[in-house]
Structure formats: C-alpha cells, structure tokens
Amino acid sequence: VLRIRWRSHEVSLALKYPRRRHKALLANHILKRIGHHMTAIDSLPPLRDVINTHDLKARKSLGQNFLLDLNLTAKIARQAGDLTACDVLEIGPGPGGLTRALLSEGARHVLAIEKDARCLPALAEISDAYPGRLTVIEGDALDIDPLAHLTPPIRIAANLPYNVGT
C-alpha cells in the first residue's frame with residue numbers, strides 16, 4: 001500500500017506489484033492533482049530563504065509586497081508568452097521571485113529596475129546563476145530610459161508596487 005500525506009490530503013493506493021519507481025511516479029502524479037506547489041524553479045535557494053538571508057522586509061513606504069509562491073510567479077511569466085526571443089523589462093523586482101521565473105521560462109534577457117538598494121545583493125545572486133541574461137539597474141523606473149538597455153521585441157512584466165499602480 002502506498003500512502004501519501006500532503007498537508008490535509010491523504011491518499012492510499014493498493015499496488016499489485018509495488019515497486020519503488022512506480023511509487024515515485026504515482027506520488028508525483030497525485031501531488032500534482034491535489035495542488036502540490038513547486039519548491040524550486042532553478043538551482044537557487046527558496047525565495048523565503050533569500051529574504052531571510054538578506055534580512056529583507058517589505059516596506060510599505062515603497063509599496064512593496066514580495067511574491068513567494070513559485071507557482072504564481074511561473075504563471076505570471078507564462079502569461080507573458082514565449083520569451084525566448086524577447087527582452088523583458090521588470091519594474092520593481094524586489095528579491096527576484098518574478099525575475100527567476102522569467103529567466104527560467106527562457107527570457108532572452110531581463111532588465112530589472114529596482115529602487116530599493118537592500119534587494120541588490122539578492123538580485124546579484126540571480127545574475128550570477130543566469131550569466132549574461134540579467135541586468136540590474138538601481139533607481140526609479142520613472143527616471144530611467146529602459147530602451148537604451150533592451151533589444152526588441154520587448155515584453156514588460158512586473159509585480160508593481162502599490163504606490164506605482166494606483
């Protein structure tokens with residue numbers, strides 16, 4: 001009997017010929033069906049660990065909110081369409097949750113404009129993991145000409161700070 005317990009879900013299956021390989025395949029299939037969440041999209045540590053390592057806390061004065069759910073960031077990146085032939089402008093990447101998703105979804109190049117200097121070391125780690133595909137500029141996106149750093153076609157993706165979106 002294969003018994004899987006994940007959060008509040010428990011599933012039991014009786015296998016006629018239980019083999020370790022079959023158990024692993026079934027476990028993965030079942031976890032996907034009951035809403036299993038991704039834990040990694042690349043070789044970097046989980047975003048929550050990155051935030052703790054760099055002692056980052058969202059600041060209301062900057063309208064920040066950090067996306068920690070990799071399923072959500074991957075979904076946002078996929079909504080931007082096929083990114084393999086595109087440069088992407090990301091405004092306010094914070095610790096880089098959406099940035100990582102854009103790069104892992106195949107963006108040719110990402111230009112990330114970040115106003116909060118506290119986030120720059122976390123973004124530098126992402127840049128090291130994706131050599132030549134991420135450029136980080138510290139500053140206010142309203143004062144920077146992104147076209148000087150991007151090559152068409154260009155897509156824009158952002159988890160906009162509250163005070164920019166209103």
Side-chain angles (χ1 to χ4, degrees), residues 4-9 11 23-59 62-116 118-138 141 146 149-166:
I4 301 171
R5 182 161 180 76
W6 185 77
R7 293 192 181 170
S8 62
H9 303 283
V11 179
K23 288 180 182 180
L25 290 172
L26 279 170
N28 285 335
H29 177 73
I30 291 168
L31 289 175
K32 285 179 185 175
R33 293 294 226 164
I34 61 175
H36 170 67
H37 294 283
M38 279 190 280
T39 57
I41 57 173
D42 52 27
S43 61
L44 294 167
L47 200 55
R48 191 174 304 280
D49 292 351
V50 172
I51 289 169
N52 290 335
T53 299
H54 296 285
D55 196 30
L56 298 174
K57 292 174 179 54
R59 288 189 176 164
L62 295 174
Q64 292 174 325
N65 63 84
F66 299 148
L67 294 176
L68 301 179
D69 184 345
L70 295 176
N71 287 303
L72 180 59
T73 58
K75 184 176 183 177
I76 293 169
R78 283 191 302 273
Q79 291 298 314
D82 181 13
L83 301 174
T84 56
C86 298
D87 281 7
V88 179
L89 169 62
E90 183 184 8
I91 300 167
L98 181 56
T99 311
R100 289 169 62 174
L102 292 165
L103 290 165
S104 71
E105 288 292 323
R108 178 178 63 197
H109 183 260
V110 175
L111 172 64
I113 302 175
E114 178 55 59
K115 189 174 186 176
D116 188 354
R118 299 173 309 138
C119 296
L120 298 179
L123 294 169
E125 291 173 5
I126 299 169
S127 183
D128 292 343
Y130 293 93
R133 293 181 53 208
L134 175 62
T135 302
V136 179
I137 297 177
E138 180 184 3
H149 305 275
L150 298 169
T151 305
I154 300 168
R155 302 275 171 87
I156 300 173
N159 173 27
L160 285 177
Y162 293 126
N163 55 1
V164 171
T166 56

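- Applying the side chain to side chain contact (heavy atoms under 4.5 Å, CB included) test to Thr84 and every residue at least two apart in sequence or in another chain returns Asp82.
- For Arg48, there are no salt bridge (charged side-chain N to carboxylate O under 4.0 Å, His left out) partners two or more places apart in sequence or in a different chain.
- Closest approach of Pro95 to Ala122, counting heavy atoms only: O-CB, 3.9 Å.
- Taking 4.5 Å as the limit, every side-chain heavy atom of His54 sits out of range of all side-chain heavy atoms of Arg118.
- Note that the NZ atom of Lys115 and the CG atom of Leu120 stand 13.5 Å from one another [nearest 0.5 Å].
- Expressed to the nearest 0.5 Å, how far CZ of Arg108 lies from CD1 of Ile154 amounts to 8.5 Å.
- Between Leu123 and Pro93, the shortest heavy-atom distance links the atoms CD1-CG, 3.7 Å.
- To the nearest 0.5 Å, atom CZ of residue Arg133 and atom OG1 of residue Thr99 are 12.0 Å apart.
- In plain terms, the two heavy atoms of Glu114 and Gly92 that are nearest each other are OE1-C, 3.5 Å.
- For Pro45, the side chain to side chain contact (heavy atoms under 4.5 Å, CB included) test picks out Asp49, Val50, with sequence neighbours left out.
- Applying the salt bridge (charged side-chain N to carboxylate O under 4.0 Å, His left out) rule to Asp55 yields the partners Lys57; only residues at least two apart in sequence or on another chain are considered.
- Remark: Asn52 CG to Leu47 CG distance equals 10.0 Å, nearest 0.5 Å.
- None of Val88, Ile126, Leu98 except one satisfies the side-chain contact (heavy atoms from CB on, under 4.5 Å) rule with Leu103; the exception is Ile126.
- How far CG of Leu102 is from OH of Tyr130: 10.0 Å, rounded to the nearest 0.5 Å.
- A search for side chain to side chain contact (heavy atoms under 4.5 Å, CB included) contacts involving Leu111 returns Leu89, Ile113, Thr135, Ile137, Pro146, His149, Leu150, not counting sequence neighbours.
- For Arg59, the salt bridge (charged side-chain N to carboxylate O under 4.0 Å, His left out) test picks out no residue, with sequence neighbours left out.
- The backbone N or O of Ala157 sits nowhere less than 3.5 Å from a side-chain atom of Glu90 that would complete a donor-acceptor pair.
- Contact check for Leu83 versus Arg155: side-chain heavy atoms found under the 4.5 Å cut-off.
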